[in-house]
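In this text the structure is predicted, and so the values were computed from the model without any measurement. Every heavy atom of this structure was used, including side-chain atoms; hydrogens, water molecules and symmetry mates were not.
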Amino acid sequence: MSDGDGNRDRDLSKGGSNQMWGGRFAEGPSAIMREINASIPFDKALWRQDIAASKAHVAMLGQQGIVSQEDVQAISAGLDRIAGEYEANGVPEDWDLEDIHMTTESRLAELIGPAAGRLHTARSRNDQVATDFRLWVRDTIDQVDAGLAELQKSLVTSAGQHVDSIMPGFTHLQTAQPVTLGHHLMAYYEMIRRDRSRFADARARLNECPLGSAALAGTGFPIDRDATARALGFERPTSNSLDAVSDRDFALDYLMAAAQCSLHLSRLAEEFIIWASQPFGFAALPDALSTGSSIMPQKKNPDAAELVRGHAGRIVGCATALMVTMKGLPLAYSKDMQDDKPPVFEAASLLGLSIAAMTGMVAETVFRTERMRQAAELGYATATDLADWLGRQGGIPFRQAHHNPRAAGKLGERKGNAAEALSLQELQQIDSRIGEMVYSALSVEASVAARCSHGGTAPAEVRKRVAEARRALDMDDAA
């Protein structure tokens with residue numbers, strides 16, 4: 001290295017003569033290290049889980065005779081006091097203490113003295129954070145599940161009110177066949193049911209306790225990992241200490257479920273955005289979840305639904321971020337894994353907001369059912385019913401019968417009528433086998449009533465699905 005390079009290195013180490021150390025990095029590299037290394041600004045969210053895990057750990061240490069009962073009581077009481085302080089005033093951010101674990105242990109030492117140092121016996125920050133994070137994700141899954149259950153109840157309640165409300169069903173956003181609004185809403189009930197099952201699966205897989213794995217190899221102290229696992233509500237302790245401290249599958253499972261759920265919420269939000277638009281006019285969104293325009297007084301913008309739609313992209317991005325962080329890490333713990341929590345915290349916040357917004361939107365939206373029914377009569381939505389009738393009554397193969405409704409549609413389009421408004425003579429010009437009874441199949445009411453296969457849109461079927469859902473959600477007991 002040249003003499004100039006050496007002088008440059010000495011200047012960088014001192015800091016003062018190089019502009020890159022200005023501002024908040026005036027102290028030089030040590031300031032950068034303190035800031036990049038500190039996680040307390042975000043992992044303070046784990047304080048409840050950290051206190052709970054620490055209390056379970058010290059209780060086990062006492063039961064095993066590793067720490068005296070006197071110290072156990074002092075540590076436990078100190079942790080309770082710290083929890084009260086955090087609840088009342090929040091968690092202080094001292095970047096020199098780095099994280100929630102050291103912040104709590106430092107405060108404990110201030111409160112009870114040297115005995116605080118015994119809390120960390122037979123554990124490491126590696127198994128400590130793995131345990132805290134699992135507890136946080138488990139708690140969050142429980143909250144998400146409760147929120148999704150409320151969304152399902154809103155969907156089922158509204159569906160039950162609209163089992164007979166006819167609307168156009170779409171494919172390619174083109175009028176396809178008449179359906180009922182109740183049937184449409186129950187489709188989202190099914191999506192959310194699958195979402196809840198994915199979160200339940202993620203919860204079941206994460207419910208193993210890493211505490212006692214220590215840094216990576218376990219500990220020589222005679223600890224009882226089953227006891228701490230039970231105390232914290234886990235099914236069992238983890239079986240491999242290397243895996244336990246380096247595993248973040250549970251966070252990825254949560255994010256995958258959250259991403260899929262956000263896609264469903266985004267689709268539901270898009271339906272409401274379309275339905276509330278003037279060309280459709282199917283729905284009036286609640287004022288509390290809409291905004292006005294800064295310049296156009298007539299506007300009522302579906303901002304909450306649009307933000308739910310936007311949040312889906314961010315939640316999917318959070319899942320991608322953690323996958324990329326974890327993709328090349330060797331065993332066991334690496335500092336990269338400090339970045340595991342921000343995407344999970346962000347996704348959880350966005351998902352909770354999205355679920356709440358869509359629950360309120362489903363519950364409070366006013367559906368314009370007459371407008372929906374009128375739209376269902378346009379676009380010759382009962383053309384398939386004419387083909388079905390020809391197949392049943394005339395014995396015509398479906399592929400052949402399919403051509404006749406198309407011709408009827410074109411004729412109706414020229415005359416400005418729906419297919420059911422065409423005269424029998426006009427229909428018989430298309431196919432002489434068409435008789436008077438055909439009209440019983442061409443109304444939108446007849447069309448939806450005919451779709452009575454299991455899971456179909458017939459009102460009788462939708463009532464069955466609504467009743468099943470109400471039982472699954474214990475809605476009848478609640479009423």
ask   = Which heavy atom in Ile355 sits nearest to a heavy atom in Thr359, and how many Å separate them?
value = O-OG1, 2.7 Å
key: Side chains of His162 and Ser165, donor plus acceptor under 3.5 Å   = yes
ask   = Passes side chain to side chain contact (heavy atoms under 4.5 Å, CB included), Arg248 versus Asp253? Steps please.
value = CA-CA 9 Å; Arg248 293 299 183 269; Asp253 279 351; over 6 Å; no
ask   = Does a side-chain heavy-atom distance below 4.5 Å link Val466 with Met186?
value = yes
inquiry  = Using every non-hydrogen atom in the two residues, find where Leu211 and Ala53 come nearest and quote the distance to one decimal.
reply    = CD2-O, 3.9 Å
message = Treating Ser266 as the side-chain partner and Ser262 as the backbone partner, does any N or O pair qualify as donor plus acceptor under 3.5 Å?
response = no
query = Do Asp195 and Gln260 get their side chains close enough for a donor-acceptor pair, meaning under 3.5 Å?
reply = no
ask   = Taking Thr228 for the side chain and Arg225 for the main chain, is one N or O donor matched with an acceptor at less than 3.5 Å?
value = yes
query = Just by modelled atom types, is the Ile100 backbone N or O under 3.5 Å from a matching donor or acceptor in the Asp43 side chain?
reply = yes
query = Is a side-chain N or O of Arg309 found less than 3.5 angstrom from the main chain of Leu265, in a donor-acceptor match?
reply = no
message = Can you give me the closest heavy-atom contact between Ser246 and Met326, atom names plus distance?
response = O-CE, 3.7 Å
inquiry  = Out of the candidates Phe250, Tyr254, Trp47, Phe345, only one should pair with Trp136 under the ring pair (Phe, Tyr, Trp, His ring centres under 6.0 Å) rule; please name it.
reply    = Phe345
task = Decide yes or no on side chain to side chain donor-acceptor pair (under 3.5 Å) for Thr131 and Arg123, but give the supporting numbers first.
result = CA-CA 11 Å; Thr131 303; Arg123 76 175 183 184; over 6 Å; no
ask   = Do any N or O atoms from the side chain of Thr180 and from the backbone of Asp164 form a donor-acceptor pair under 3.5 angstrom?
value = no
task = Verify the distance criterion only: is there a donor paired with an acceptor across the side chains of Glu271 and Tyr188 at less than 3.5 Å?
result = yes
task = Please lay out, stage by stage, how Arg368 and Phe282 fare under the test side chain to side chain contact (heavy atoms under 4.5 Å, CB included).
result = CA-CA 5 Å; Arg368 295 169 175 156; Phe282 288 0; 5.7 Å; no
query = Are the side chains of Asp336 and Ser334 in touch, meaning some heavy atoms are under 4.5 Å apart?
reply = yes
key: Residues Arg463 and Glu468 bridged, charged N to O under 4.0 Å   = no
Met102 vs Arg125 side-chain heavy atoms within contact, under 4.5 Å = yes
message = Between Lys44 and Asp99 (salt bridge meaning N to carboxylate O under 4.0 Å), is one present in this structure?
response = no
task = Check for a donor-acceptor pair, side chain of Ser124 on one end and backbone N or O of Asn126 on the other, with a separation under 3.5 Å.
result = yes
request  = Quick one: closest heavy-atom pair of Ala304 and Met361, and the distance?
outcome  = CB-CE, 4.0 Å
request  = Evaluate the side-chain proximity of Ile141 to Leu206: yes if any heavy-atom separation is below 4.5 Å, no if none is.
outcome  = yes
ask   = Do other residues, nucleotides or ligands put more than 12 heavy atoms under 6.0 Å from Lys327 NZ?
value = no
note = Taking every heavy atom of Leu216 against every heavy atom of Ser241, the minimum-distance pair comes out as O-OG, 2.7 Å
ask   = Going by distance alone, is a donor N or O of one side chain under 3.5 Å from an acceptor N or O of the other, for Tyr86 and Thr104?
value = yes
ask   = Under 4.0 Å between a Lys/Arg side-chain N and an Asp/Glu carboxylate O for Glu461 and Arg451?
value = no
query = Does a side-chain heavy-atom distance below 4.5 Å link Glu306 with Asp303?
reply = yes
query = Between Ser158 (side chain) and Ser154 (backbone), is there a donor-acceptor pair under 3.5 Å?
reply = no
ask   = Which residue, Leu232, Asn207, Asp247, forms the side-chain contact (heavy atoms from CB on, under 4.5 Å) with Arg134?
value = Asp247
Row check, Phe234 ring normal vs Arg138 NZ/CZ: under 6.0 Å, within 45° = yes
query = Counting distance only, does the side-chain N/O of Ser213 pair as donor-acceptor with the main-chain N or O of Pro210 below 3.5 Å?
reply = yes
request  = Give the minimum heavy-atom separation between Leu285 and Phe272, together with the two atoms involved.
outcome  = CD2-CD2, 3.7 Å
message = With heavy-atom distances below 4.5 Å as the criterion, would you say the side chains of Glu235 and Glu208 are in contact?
response = no
Pairwise side-chain contact, Trp275 with Pro302, heavy-atom cut-off 4.5 Å (strictly under) = no
task = Would you check, one step at a time, whether the test side chain to side chain contact (heavy atoms under 4.5 Å, CB included) holds for Asp226 with Arg236?
result = CA-CA 6 Å; Asp226 288 295; Arg236 62 188 69 84; 5.5 Å; no
request  = Using modelled atom types only, decide if a donor and an acceptor are shared between the side chain of Gln338 and the backbone of Asn37 within a distance under 3.5 Å.
outcome  = yes
query = Counting only heavy atoms not in Arg267, do more than 12 fall under 6.0 Å of its CZ?
reply = no
ask   = Mind checking whether Asp127 and Thr238 have side chains closer than 4.5 Å, heavy atoms only?
value = no
